[in-house]
Number of protein chains: 2
Amino acid sequence: MSKASDLAYARIRQGITAGEWSPGTPLREEELAALCGVSRTPVREALRRLEAEYLVRRTEGARSFVADWSADDVAEMFALRAILEGHAAARAATRITPEAIGKLQALNAEVHASCGTDDTDRFLAANRGFHAIVLEAAASPRLAQMLGALVEQPVVRRTAQRYGRGEFVRSHAEHAALIEAFLARDAQWAQSTMTGHIRRAFHAFVAVSGSED
Amino acid sequence: MSKASDLAYARIRQGITAGEWSPGTPLREEELAALCGVSRTPVREALRRLEAEYLVRRTEGARSFVADWSADDVAEMFALRAILEGHAAARAATRITPEAIGKLQALNAEVHASCGTDDTDRFLAANRGFHAIVLEAAASPRLAQMLGALVEQPVVRRTAQRYGRGEFVRSHAEHAALIEAFLARDAQWAQSTMTGHIRRAFHAFVAVSGSED
DNA sequence: CCCCGCCATATTGTATACAATAGCGCATGC
DNA sequence: GCATGCGCTATTGTATACAATATGGCGGGG
């Protein structure tokens with residue numbers, strides 16, 4: 001999209017995902033416009049986009065706030081991710097190219113490297129890249145759009161800071177299994193592995209988020 | 001949303017879904033604004049919403065057109081519907097109230113009534129209502145939003161005009177089975193039935209759309 | 001004859017002014 | 001003291017003017 005609109009989108013999104021503004025914070029158009037150095041028009045467009053990604057919530061009276069995810073919201077999100085990413089893995093299994101598998105191996109090596117550190121951002125970046133490659137190999141634009149709106153939620157990022165290295169190791173092993181399934185071109189195996197991966201991540205999240213707030 | 005924006009959305013959506021403008025038709029903001037009797041601002045918002053529903057397609061240059069669905073697009077849409085509606089049915093099975101089941105029975109009676117006619121619109125309206133109740137019973141707002149953007153595509157509506165009464169009868173029987181599964185509170189049965197229902201509908205669509213255009 | 005680049009213009013993007021409306025506090029009456 | 005209704009104010013919705021940009025045709029060159 002166009003310059004000002006994209007700028008406002010990126011800036012507001014960053015403010016939300018980086019935790020600059022906590023959930024429930026009101027987002028006034030004029031204030032955001034001043035912050036981004038643009039007029040209200042592109043800010044309004046950005047807010048609509050962010051609302052579609054569940055990062056912004058609007059009241060009946062059309063006021064905007066930083067979205068506040070309940071435990072139920074998170075559970076729903078993981079349930080949908082488990083289904084959709086599982087489907088993506090199944091599709092990818094019969095479509096993925098050797099080059100893409102190479103990228104997966106490289107990204108999973110990066111995940112492995114992060115196992116020796118406590119660098120959560122590094123792990124998350126490699127993990128995100130891995131899932132993005134799988135999604136791309138699934139070759140289903142609407143599926144990609146749906147999942148795009150689901151992942152990368154601030155709640156997940158916040159609690160990820162509490163993951164231990166054990167989480168990194170588990171993810172690495174599951175990713176490796178997925179790569180095996182891809183090499184075998186086994187859709188069912190790939191799907192099961194991915195769905196299990198997401199479900200386990202959900203329970204890791206629950207275990208770690210218990211004492212949040 | 002607000003008045004002018006909603007009006008523009010409803011009017012443009014109608015123009016697309018009713019087939020007033022065929023796929024590929026350019027949608028100029030000023031022209032639509034004049035047609036709806038509002039300014040370009042609410043028209044722009046309406047176009048963004050319709051784009052999210054895959055009813056409008058935008059070029060790199062940001063011009064808008066009535067979306068043109070390829071056979072692959074339709075196949076992808078049905079694949080996603082089969083998964084997501086199957087999931088919705090599974091969730092609904094353990095959550096649905098007796099009142100909602102009553103509504104399903106009433107709507108399926110309406111489907112049955114349409115079996116004796118060639119009134120496709122009547123069948124489609126009852127069918128749409130039936131699926132909406134299931135989705136509501138699934139109690140998953142994000143799932144509802146995803147499916148909302150997927151169903152009610154003009155291509156489907158167009159080819160539905162060619163469905164024979166056999167299609168109506170099949171749908172009625174499958175809906176009846178789904179109600180049975182709900183009464184038994186059997187999530188797996190409900191999911192299988194719904195997924196099968198959508199997949200069969202897909203093949204009915206393919207069979208009927210072969211000679212289109 | 002075809003291809004490429006430039007320019008006119010159609011179309012969208014942004015800013016700003018104004019209108020409508022929702023939220024909120026205060027005063028008033030019970 | 002509390003509820004309720006009114007009016008002010010903050011905030012969003014809409015219209016319009018202007019800026020930026022893509023598009024398509026036309027002319028020149030290969």
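Residue numbers start from 1 in every chain, and the chains themselves are labelled A, B, ... in the order their sequence lines are given, proteins ahead of strands.
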When you match B:Arg40 and A:Gly61 each to their closest nucleotide on DNA chain C, which lands nearer the 5' end? B:Arg40
If you find the nucleotide of DNA chain C closest to B:Ala62 and the one closest to A:Ala62, which residue's nucleotide is nearer the 5' end?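 Result of the comparison: B:Ala62.
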Distance check: side-chain N/O of [X] vs OP1/OP2 of [N], anything under 4.0 Å?
X       : N      : result
B:Arg58 : C:dG13 : yes
A:Ser2  : C:dT14 : yes
A:Ser39 : C:dA15 : yes

Could you check how far [atom1] of [X] sits from [atom2] of [N], rounded to whole Å?
X       : N      : atom1 : atom2 : value
B:Arg63 : C:dT11 : CZ    : C1'   : 5 Å
B:Leu47 : C:dT11 : CG    : P     : 14 Å
B:Arg28 : C:dT9  : CZ    : P     : 17 Å
B:Glu45 : C:dG13 : CD    : P     : 13 Å
B:Glu60 : D:dA22 : CD    : P     : 10 Å
B:Arg44 : D:dT12 : CZ    : P     : 19 Å
B:Arg57 : C:dT12 : CZ    : P     : 13 Å
A:Phe65 : C:dG23 : CZ    : P     : 9 Å

If you look at every strand shown and take non-hydrogen atoms under 4.0 Å, does B:Leu27 touch a base, only sugar-phosphate, or nothing?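 B:Leu27: backbone/sugar contact only, no base atoms under 4.0 Å.
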In this structure, CG of A:Leu50 is separated from CZ of A:Arg57 (nearest 0.5 Å) by 14.5 Å
Inter-residue atom distance A:Thr193.OG1 - A:Ile198.CD1, 0.5 Å rounding: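 Between A:Thr193 OG1 and A:Ile198 CD1, I get 11.5 Å after rounding to 0.5 Å.
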Side-chain (A:Arg91) to main-chain (A:Ala139) donor-acceptor, under 3.5 angstrom: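 Between the backbone of A:Ala139 and the side chain of A:Arg91 there is a qualifying donor-acceptor contact (under 3.5 Å).
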Any cation-pi pair here, B:Arg142 with A:Tyr54, using under 6.0 Å and within 45°? yes
Cation over ring face, A:Arg13 and A:Trp21, 6.0 Å, 45°: no
Residue B:Thr59, side-chain atoms from C-beta onward, closest of C:dT12, D:dT23, D:dT12: D:dT23
Please pick, from C:dT14, C:dA15, D:dT12, the nucleotide with the shortest atom-to-atom distance to any side-chain atom of A:Glu30.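 Closest nucleotide to the A:Glu30 side chain: D:dT12.
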